[in-house]
Amino acid sequence: MNALLATSGTALVHPAARRLLADVSADPGRPVRLTVVAPGGYGKTALLDALGAGYRAAGVEAVLVDNADRLGEDELDRLTALADRTDAPMVLAHRPRPPAALRLLGEAFGRRTPGLRLSPLGMEEVAQLREKLTGETTDIAAVAELHTRSGGVPRLVVRALTGGLAEFRGELAELDDDVLRYLLAAEAGAGRNLDLLSVLLGRTPDRLPEVVDGARATGLLGTDDVLLPLAADAIRAFSPPARRLATLQRLVDLQLGKGLPVLDLARSLLDAGGAGASAAAAFAGAAREALPADAALAARFSSAAAASGARGTELTAGWARAAALSGDLDTALRLGDSMLGGEDPGTRATGAEIAATVLAHRGELARSAELYHWAGRGDADAFAAIALVGTGDLDGANRLLGSPAAEVVPTLFAGAATRMAHGVAESVSPGGAETLSTLVGAAAMLEPAGGGLALPDSPAALAALAGLHSGELALAESVLTRALTHRIGGDLLATRHRLLLGWVAMTAGDLATAAEHRDAVSRLGHPLEARDELFFATLDLGLARRASDLVGLQHAWDRAYQASMRQQADLFTLLPLGELAIAAARAGAHAKLARQLDRAHALLARLGDPPLWTVSLAWHELHAAITMEDPAAAEAQLATLTRHADHGRYPATMARAARGWLAVLSGTVDPGEVAAAAAELHELGLCWDAARLAGQAAIRTADRKAMVHLLEAARQFQGSTARREPGASEPAGATGLSALSERELQVARLVVDGLTYKQAGSKLFISGKTVEHHMARIRGKLGAGDRRELLAILRELLAQHP
């Protein structure tokens, strides 16, 4: 029985059968009478092979029958007679629900030896099988995925690990026709639709269990009678193509005839290469169903419907919307433009709205407004008004809002569009106090609509811009997060929402989170439209500037400048323009930006220099002037900020901070006034700006006590949003030098003494890169804005603690 014992360790024998092999090995002559019951793929054949090898090695004659359920009546009669007249070991393997005669024989066996039922493998057993077949050590995540996809069915586990799924090709082709059609229907999502299955299989509902039993016997269904994921893959890839296509086409025809949803069926039909009139109708219907949740899929269905011969305005419009929502603006614009010449006014209006939406994303607000107004619909006029305000034409916007071209149907969409337009119009009034609440309300109205609306911009994005321009960073973050959660505007606006979240984080000084949002957009892997490209490039630029990354700053400047040249100046891109102005000043390229800044100022002048939009640009231009050491330009920006200081807390704070900056640069620092101005910036959430102002004031004051106070304030302002590095050992409440490790103190003393990173590293027997890493850690702990500020802080602290 050595052969039997050796075989019992093979990976292909079901663990539940190992005990049987061991018992037979110990006493091969024992008159075993046993049935082994399991669906296909559970290892019945492997078990019989192992038993046969063992019995032969022991010289014992045994009766081993595989697939006993396939025996005819005569064969079963002979088998029953043989069982009566011999005591030879007899093992019968069959699938569940055998013929009556085999069931009676099994019951007779059971009176002597309980039958053996093979069940799916557990996680631990799948892990052991995986390790045995691949030699790889246990990977819990990989094992869990394999177990889920295979349902623990041994055959599926083995074929998944060995790449043997193609072996199903022949097995599927040999299945009973009804069982195969049932499996094909199950793969398409119709496995529980009794009405469809009854018609498809030509059976009454009470006769369907026969087919289901046959499907269970294949081993491709889980314990809940749902097709296992790996089995579904095999059916899609290896079932007879003609049979699969015919079955799917029949299911689609039945579902269309009842006017019921076809999305799941159409997905399988699309994968199978379906075509023709009924396929076209199914694809068109599936496109409508998919649009709210998956615009890219809806666009695929629309394209397939058109390729199958479907035509009509509804299909074209739906396809264009789906393309726009999924970010394929070239297709959306092509389809929208093709509708502009239609004979039906509704067709032309729809085409105009789609083209206008695309142009807004491409930074062409004037042309977008023209097309929206030409569409002649009330909600379209609201979007036209938003675009007109963005280009500086408030009178034109008010005319549209006061007397829209058509009566507006009071839908949620129309209501949100109108509220958006009024919110934007309010934003350019002297006070603009209601702007944020109006735009946030419009954003909430669109949340139930989810991702099925093609918008030129979202109320959440406009609210966030207003929040960024007024110091309402928490509100801006909240409304953007909700818009992402509800997928307002689909994938296209999701990119904009994430970029603005990055801007909110950067403005608050949380550079790590801002970089995460930037990187998330980078991973999308497709080119950005003009407006999003500008926000992305200037976000990258702002992060490099705040990190004092000169190489990154130069690289980001080139991309950001090119993006600005592709984007027409408008009200909603003043933030990136301001960031670009500071970078241009640092790069010595401010003259290249002069015309764009002139156009921005002219736009603001046409709108009456509204405080909400003017103050942030003036603040950025103040810092550009400071960078260029241009006191006259800085004074001019201070005058602008002072003129608007009585229009709210944010303008007042920015004006006070601007006075502090000019005092710092002139060398007439009032430590108390600067600290108070920085504290107000911090209260608005502008932590990086607050730390920067306090830090620069500290290194320019001759009062040692004031310097220490300002440095501590700078550290606290910067540290309030900074993220700790993994493994950082700074104790809670540690400040100043107490926040530094012993090695960091050694590095700090050497660098302050004037040694280069390489020289300091040589003294400490570490590399210059390691010294640089330590200095970056020290800078983060002490809240310094740049190297100059860091060295000033360290000199002061080390002087107090030599």
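In what follows, residues are counted from 1 in the order of the sequence shown.
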Would a 4.5 Å heavy-atom cut-off, applied to side chains only, mark Leu492 and Leu329 as touching?
yes

Practice item. Using a strict cut-off of less than 4.0 Å between a Lys/Arg side-chain nitrogen and an Asp/Glu carboxylate oxygen, indicate whether Asp233 and Arg236 qualify as a salt bridge. Key: yes

Here the pair of heavy atoms bringing Leu340 nearest to Gly351 is CD2-C, 3.7 Å

Exercise for review: Dump the intermediate steps for side-chain hydrogen bond (donor to acceptor under 3.5 Å, both in side chains) on Thr350 and Arg377, then the final yes or no.
Suggested key: CA-CA 10 Å; Thr350 300; Arg377 295 173 176 168; 3.3 Å; yes

Nearest heavy-atom contact between Ala425 and Leu401 is CB-CD1, 4.2 Å

Heavy atoms of Leu612 and His469 approach each other most closely as O-CB, 3.2 Å

Anything under 3.5 Å between a donor and an acceptor, one on a side chain of residues 289-304, the other on a protein residue two or more places apart or in another chain? List them.
residue : atom : partner : partner atom : Å
Glu289  : OE1  : Leu263  : N            : 3.2
Glu289  : OE2  : Val262  : N            : 2.8
Asp294  : OD1  : Ala296  : N            : 3.4
Asp294  : OD1  : Leu297  : N            : 3.0
Ser302  : OG   : Ala298  : O            : 2.9

Handout entry: Heavy-atom neighbours of Arg599 CZ exceed 12 at 6.0 Å
Key = yes

Checklist entry - Does some side-chain heavy atom of Ser470 sit less than 4.5 Å from a side-chain heavy atom of Leu436? => result yes

Taking C-beta and beyond as the side chain, do Val428 and Leu604 meet within less than 4.5 Å on heavy atoms? no

In this structure, CH2 of Trp503 is separated from CG of Leu465 (nearest 0.5 Å) by 10.0 Å

Ala514 and Leu539 have their tightest heavy-atom pair at O-CD2, 4.2 Å

Contact check, side chains of Glu353 and Asp379, non-hydrogen atoms, under 4.5 Å | yes

Donor-acceptor pairs under 3.5 Å, side chain of residues 313-321 to any protein atom, not counting sequence neighbours: which ones?
residue : atom : partner : partner atom : Å
Thr313  : OG1  : Thr347  : OG1          : 3.1
Thr316  : OG1  : Gly312  : O            : 3.1

> Is there side-chain contact between Leu577 and Leu593, with heavy atoms separated by less than 4.5 Å?
Replying inline: yes

Between Arg531 and Asp570, does any NZ, NE, NH1 or NH2 come within less than 4.0 Å of an OD or OE carboxylate oxygen? no

Any side-chain heavy-atom pair from Leu468 and Leu473 closer than 4.5 angstrom? yes

OG of Ser437 to CZ of Arg419, rounded to nearest 0.5 Å, is 8.5 Å

In terms of heavy-atom contacts, Ala560 and Leu541 come closest through CB-CD2, 4.2 Å

Rounded to the nearest 0.5 Å, the CG atom of Leu394 sits from the CZ atom of Arg606 at a distance of 11.5 Å

Shortest non-hydrogen pair, Leu196 vs Ala190, comes out as CD1-CB, 4.2 Å

So OG1 of Thr435 and CD of Glu472: to nearest 0.5 Å the spacing works out to 11.5 Å

Open item on the list: Check this for me: Glu477, atom CD, are more than 12 non-hydrogen atoms of other residues, nucleotides or ligands nearer than 6.0 Å?
Closed with: no

Paired with Asp540, the side-chain hydrogen bond (donor to acceptor under 3.5 Å, both in side chains) test is passed by just one of His555, Arg518, Arg545, Arg559, namely Arg518

Backbone of Glu343 reached by a side-chain donor or acceptor of Arg348 within 3.5 Å: yes

* **Under-4.0 Å salt bridge between Arg496 and Glu529** => no

**Q.** Main-chain N/O of Trp613 paired with Ser616 side-chain donor or acceptor, under 3.5 Å
**A.** no

Taking it one step at a time, do Thr573 and Gln567 satisfy side-chain hydrogen bond (donor to acceptor under 3.5 Å, both in side chains)? CA-CA 9 Å; Thr573 56; Gln567 165 74 44; 4.6 Å; no

Once the angle between the rings of Tyr372 and Phe383 is folded into 0 to 90°, is it parallel (under 30°), tilted (30 to 60°) or perpendicular (over 60°)?
tilted

I'd like to know if the side chain of Gln255 reaches the main chain of Pro261, judged simply by a donor and an acceptor atom lying under 3.5 Å from each other, with no hydrogens or angles considered. yes

Separation between CZ (Arg244) and CG (Leu172), nearest 0.5 Å, reads 11.0 Å

